[in-house]
Amino acid sequence: MRRAFRSTLLHCLADPGEHDDVAAWQCIDDGILLVEDGRVAAIGAAGAMLPQLQSGVDVEDLRGNIIVPGFIDCHVHFSQLDIIASYGEQLLDWLNRYAYPEETRFASREHAQRVAHAFIDELLGNGTTTALVFATVHEHSADAIFEAAAARRMRLIAGKVLMDANCPEALRDDPQTGYEQSRQLIERWHGKDRLGYAITPRFALTSSEAQLAAAGQLASEYPDVWVHTHLAENTDEVDAIAAQFPWSNSYLGVYERFGLVRERAVFAHCLHLVEGERRCMTKHGAAAAFCPSSNLFLGSGLFDLRAIRDAGVRTGLGTDVGGGTSLSLLHTMSDAYKMLHLQDQALPPMRALYLATLGAAEALYLDDRIGNFAPGKEADFVVLDPAGSSITKRRSEAAATIAEIMFALMMLGDDRNVHSTYLEGKRV
Ligand SMILES: [Zn+2]
């Protein structure tokens, strides 16, 4: 089954960096994206490709829009959909006041299923085609998000939270049940359809050493699953970690000790790092999820993208809803730009696009399958409409280059600018 899509095509081939290396991205003004059996077969200029297309290949005319690879959200909590935009508090108080009470509602399987379907619809409506997702401590909450993603054939990685300390009784598992339930979920979901499992200790503060050891045991038994947790988000949290694990000379050192720093391990935030932690991440092939919306909203701190990338750490953007205030990666790019500007760092629009597509795919070790339009990759893409709102229409009409239009979309855009989202070449 071959289908072709005609419009402006834009994707990244590598990290354009702070100085916007134009060789790292490609734009085809009037392009054809040819999809065969759900994968990218070819891309090229319409003038050259149209005459070569066999008769019978359906060409969908999307001119006036920009087709970019599907957005990838490297860190988000589906259970916090209904507490997005909850007033006040920094991390530890925010968890106690909003996140934990909300997560106890997921003891109901039906509630988890309802929220999971709504969450997947929100992701797709924002152009997000892959996400790395926290469920709750309840085993069935992970089932619920996997079922909702599988129903749309969406690529998604998720895991049941491991949490047996410093949290409400109702949200506690223990090292043994956490291990066994995670193991069953891996057997049930990992590698099925487009799904993957992530071993998901909430953060070191809410796990006993016995539980972290059990998580490390799982990680060694299943080397191809992901590990997903938080790292150095908030200074009070960092202080609490130092008090709870006095034997470790760094926060990351706690995870490293238990074998949780490795390829396919994704650490959300990475704000308050000490000497050597970034190098340690690079050495083990671990990745950082940069969540600027959440970091600003919770007053957590500033992410040092330059230091992270100079150290060679794989990096993708995350919305971190409910700490983040939007599931839109466009909105997240805007916050990233502002956060970096405060630190005298540049974020050219194509680098922002990279962090939400190919860079995120590299962070998740999925860049052989998604992230750009290289032939053979899965045809997950978003059709962005510069005229989706009156202000983006005006601003993009006044723009002279694709970079200017993308920058306007990243500063002003949201789900109104998502014309449509495609998974494996099919509109959802
Ligand atoms: Zn988070």
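What's counted below: heavy atoms across the whole structure, side chains too, no hydrogens, waters or symmetry copies. Indexing begins at 1, ligand by ligand and atom by atom, following the structure's order.
- In this structure, the separation between OG1 on Thr357 and NE2 on His11 is 10.0 Å, given to the nearest 0.5 Å.
- With the Zn ion (ligand 1) as the vertex, atom NE2 of His75 and atom OD1 of Asp320 span an angle of 90° (nearest 10 degrees).
- None of the N, O or S atoms belonging to Glu233 lies under 2.8 Å away from the Zn ion (ligand 1).
- Coordination check, His230 versus the Zn ion (ligand 1): passed, since an N/O/S atom of the residue sits under 2.8 Å.
- No hydrogens or angles considered: nothing links the side chains of Tyr222 and Gln217 as a donor-acceptor pair under 3.5 Å.
- Within the structure, salt bridge (charged side-chain N to carboxylate O under 4.0 Å, His left out) pairs that include any residue of residues 209-224 comprise Arg183-Glu221 (at least two apart or interchain).
- The distance from the Zn ion (ligand 1) to the nearest N/O/S atom of His77 is under 2.8 Å.
- Distance CZ/Phe203 to CG/Leu231: 11.5 Å, rounded to 0.5 Å.
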